[in-house]
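This chain uses plain numbering: 1 for the first residue, then up along the sequence.
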Amino acid sequence: NSDLGLIRSGKAQLLYYWNGVKAIIGDFINSGISTNLVFTGTPWTFVTTSTGQNFAGSTLIPKSPYGPFYDASNNVYFYGDNGAALYLAYVWKSTDGGLTFTQSTPVGITSNRYVFLNLNSKIYAIGEATQTVYSSTDGLNFTLLTSSAAFPPANNKNGVVFNGLLYIMCGNNVGYLNSIWSSSDGTNWTQATAAAAFPVRWNARAEVINNLMYVFSGSNAGGDLSDC
């Protein structure tokens, strides 16, 4: 149903979610429920299945996770609900590279409907259906920066950090979008373009690889997309 990716040490890693089953796919050895499925190559080729472990600190695991990403201290974060309360915010943090996780409830935000990004030792929670932006220095306690950011509210947008700026893009706001916005501080936002060269979409993925920004997949009124 969804996959969430990050690039770590030149390797692509995906969190895969399908009918409540979650697994880390890549060299990041952890699994939501039962096994870690490892694939490699182009096209993807199955390599091995290994026993994983649940997110530590709770038997509940994210149902609709946001992330994962690494902060400046090499910690790994997932944000999501607790598997029962839809959209209620929880954070899972790992300090050992993803082998074990502890669950906490963030302070200051009550929903998981944000794009979470890390810049200059701060974690930013950028609203989806709202124009609110929060920041945190520890991933747990969030402070409101603005409730009226310049970007439009849009569900299922995505974002990256690139050249010292926060970027958000795409989404759906009574219509699919391909606009891109940037900010250096989470409060002041500038529209880079109202219509990027790629087709409109939501649920897109965005990554920075070798100092280039990539936007890929997602869907729009025409169906699922597999472009990049």
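- Here the shortest heavy-atom pairing between Pro199 and Asn220 reads CB-ND2, 4.3 Å.
- For the pair Asn211 and Phe162, the minimum side-chain heavy-atom distance is below 4.5 Å.
- Cluster membership for Val208 and Phe198, using ILVMFWY side-chain heavy atoms within less than 4.5 angstrom, is shared.
- Using modelled atom types, one side-chain atom of Lys157 and one backbone atom of Glu128 make a donor-acceptor pair closer than 3.5 Å.
- Counting only N and O atoms by type, the side chains of Asp185 and Ser183 include a donor and acceptor under 3.5 Å apart.
- Residues Gln131 and Thr146 have side chains not in contact (no heavy-atom distance under 4.5 Å, counting atoms from C-beta outward).
- Clustering ILVMFWY residues whenever any of their side-chain heavy atoms sit less than 4.5 angstrom apart, transitively, puts Ile123 in the very cluster that holds Leu144.
- No side-chain donor-acceptor contact under 3.5 Å links Asn172 to the backbone of Asn155.
- Side-chain atoms of Arg201 come within 3.5 Å of backbone atoms of Ser217 as a donor-acceptor pair (strictly under, hydrogens ignored).
- Among residues at least two apart or in separate chains, ring pair (Phe, Tyr, Trp, His ring centres under 6.0 Å) pairs with a member in residues 166-187 are Tyr176-Trp202.
- Here the straight-line distance linking atom OH of Tyr124 with atom OG of Ser136 works out to 10.5 Å at 0.5 Å rounding.
- Here the straight-line distance linking atom CG of Leu119 with atom CG of Leu166 works out to 5.0 Å at 0.5 Å rounding.
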- Task: Show your reasoning for whether side chain to side chain contact (heavy atoms under 4.5 Å, CB included) applies to Ser179 and Phe151.
- Result: CA-CA 9 Å; Ser179 58; Phe151 58 78; over 6 Å; no
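- Between Gly159 and Met169 the shortest heavy-atom distance is CA-CE, 4.5 Å.
- With rounding to the nearest 0.5 angstrom, the OG atom of Ser135 is 11.0 Å from the CG atom of Asn141.
- Residues Asn203 and Asn156 bring a donor and an acceptor atom of their side chains to less than 3.5 Å of each other.
- Ile180 is connected to Val160 through a chain of hydrophobic side-chain contacts under 4.5 Å among Ile, Leu, Val, Met, Phe, Trp and Tyr, so both are in one cluster.
- Between the CG atom in Leu165 and the CH2 atom in Trp189 there is a gap of 9.5 Å [rounded to 0.5 Å].
- To the nearest 0.5 Å, atom OH of residue Tyr114 and atom OG1 of residue Thr130 are 5.5 Å apart.
- Here the side chains of Ser219 and Asp224 are in contact, with some heavy-atom distance below 4.5 Å.
- Contact between Leu177 and Pro152 at its shortest, heavy atoms only, is CD1-CG, 4.5 Å.
- The side-chain heavy atoms of Val215 and Asp227, taken from C-beta on, include no pair separated by under 4.5 Å.
- Residues near Leu225 contribute nothing to a hydrophobic cluster around it, because no ILVMFWY side-chain heavy atom sits closer than 4.5 Å to its side chain.
- If you chain together hydrophobic residues whose side chains sit under 4.5 Å apart, Ile109 and Val91 fall into the same group.
- In plain terms, the two heavy atoms of Asn158 and Ala206 that are nearest each other are ND2-N, 3.8 Å.
- When hydrophobic clusters are built by joining Ile, Leu, Val, Met, Phe, Trp and Tyr residues whose side-chain heavy atoms come closer than 4.5 Å, directly or via intermediates, Val200 is not grouped with Phe216.
- Of all the heavy atoms in Cys170 and Ala204, the pair that sits closest is SG-CB, 4.4 Å.
- One finds the CD1 atom of Ile168 at 10.0 Å from the CD atom of Gln191 (value rounded to the nearest 0.5 Å).
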